[in-house]
Amino acid sequence: AALYQKILDNKHTKRGKKILDLYDKYKMQELMFCCAGHFSAGKSSMINALFGKEILPNSPIPTSANIVKVMSGNGTVRVFYHHEQPVEYQEPYDMDMVKQYSTVKDTIRKVEMRASQELL
């Protein structure tokens, strides 16, 4: 809390948001699986293969531009914008729309997908 306040006192609101995101992850005790690599190295293709369905966009042109968090849950997709309130969609949602959201970096901060079925 003291670190967060110090960051805000120094007018680093962007860093403050990152601290809050990290704290939320800590509270939830989430086990995260993360993929990183060069452009078009097959990260999204590998994740789709693990899930057994096309969840993330994949093509020879770099496509995933932001964080896409995929988990089991209540059948919703939440789109978090940089400067607007999040928008939520219920299953059945348009997968092409979700894939499109994962490619937009300028206005979208992250996408959270909570599938009603067990994914892994």
Side-chain angles (χ1 to χ4, degrees):
L3 175 61
Y4 176 70
Q5 189 58 52
K6 186 85 162 167
I7 288 170
L8 291 184
D9 290 346
N10 287 295
K11 309 222 183 319
H12 293 292
T13 55
K14 198 173 194 181
R15 289 185 179 131
K17 288 179 183 177
K18 288 182 181 182
I19 291 288
L20 291 179
D21 285 345
L22 287 172
Y23 182 68
D24 285 341
K25 289 174 186 173
Y26 170 75
K27 284 191 313 188
M28 299 289 292
Q29 292 294 300
E30 293 178 332
L31 176 62
M32 302 287 254
F33 168 73
C34 178
C35 286
H38 293 287
F39 294 121
S40 297
K43 299 176 296 292
S44 293
S45 296
M46 181 183 71
I47 291 169
N48 288 340
L50 286 171
F51 289 136
K53 63 174 66 179
E54 293 292 315
I55 291 176
L56 299 176
N58 54 5
S59 75
I61 300 168
T63 50
S64 296
N66 50 33
I67 295 170
V68 180
K69 187 174 181 181
V70 182
M71 64 198 101
S72 296
N74 60 353
T76 60
V77 168
R78 292 191 84 200
V79 180
F80 294 84
Y81 293 90
H82 289 291
H83 303 291
E84 299 173 33
Q85 291 297 313
V87 176
E88 186 171 285
Y89 301 95
Q90 296 291 321
E91 283 183 346
Y93 36 76
D94 181 359
M95 281 306 297
D96 289 332
M97 175 191 68
V98 174
K99 289 178 184 180
Q100 181 64 35
Y101 283 141
S102 70
T103 67
V104 179
K105 181 75 171 170
D106 295 336
T107 57
I108 296 175
R109 184 169 55 95
K110 69 178 177 177
V111 177
E112 287 185 355
M113 185 176 179
R114 290 179 164 85
S116 60
Q117 60 186 344
E118 191 68 31
L119 294 172
L120 291 176

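Sequential numbering from 1 along the given sequence is applied to the chain's residues. Small disclaimer: the values here were computed from a predicted structure and weren't measured.
Y4 OH to I19 CD1: the interatomic distance, rounded to the nearest 0.5 Å, is 9.5 Å. Here I67 contributes atom CD1 and R109 contributes atom CZ; the two are 8.0 Å apart, rounded to the nearest 0.5 Å. Rounding to the nearest 0.5 angstrom, the gap separating the CD atom in E91 from the CZ atom in R114 is 12.0 Å. Remark: R78 CZ to K110 NZ distance equals 9.0 Å, nearest 0.5 Å. Atom CD1 in I7 sits 14.0 Å away from atom NZ in K14 (nearest 0.5 Å). A distance of 8.5 Å separates NZ in K69 from CZ in F80, rounded to the nearest 0.5 Å.
Clustering ILVMFWY residues whenever any of their side-chain heavy atoms sit less than 4.5 angstrom apart, transitively, puts M71 in a cluster other than the one holding I47. Transitive grouping of hydrophobic side chains (ILVMFWY, heavy atoms separated by less than 4.5 Å) brings V77 and M97 into a common cluster. Taking hydrophobic clusters as Ile, Leu, Val, Met, Phe, Trp and Tyr residues chained together by side-chain heavy-atom distances below 4.5 Å, L8 does not share a cluster with Y23.
Shown here are the side-chain contact (heavy atoms from CB on, under 4.5 Å) partners of D24, two or more places apart in sequence or in another chain: K27.
Shown here is Q85, whose CD atom has no more than 12 heavy atoms of other residues, nucleotides or ligands within 6.0 Å.
With hydrogens and angles left out, the side-chain atoms of Q5 and D9 include a donor and acceptor closer than 3.5 Å.
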Kindly indicate, with the supporting measurements, whether the criterion side-chain contact (heavy atoms from CB on, under 4.5 Å) is fulfilled by V87 and Y81.
-> CA-CA 8 Å; V87 176; Y81 293 90; 3.6 Å; yes
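Contact annotation: the side chain of Y89 never approaches that of D94 to less than 4.5 Å [non-hydrogen atoms, C-beta and beyond].
For N74 against Q90, the heavy-atom pair with the smallest separation is O-OE1, 4.2 Å.
Distance alone, capped at 3.5 Å, places no donor-acceptor pair between the H12 side chain and the K6 backbone. At least one donor-acceptor pair closer than 3.5 Å links the side chain of K43 to the backbone N or O of H38.
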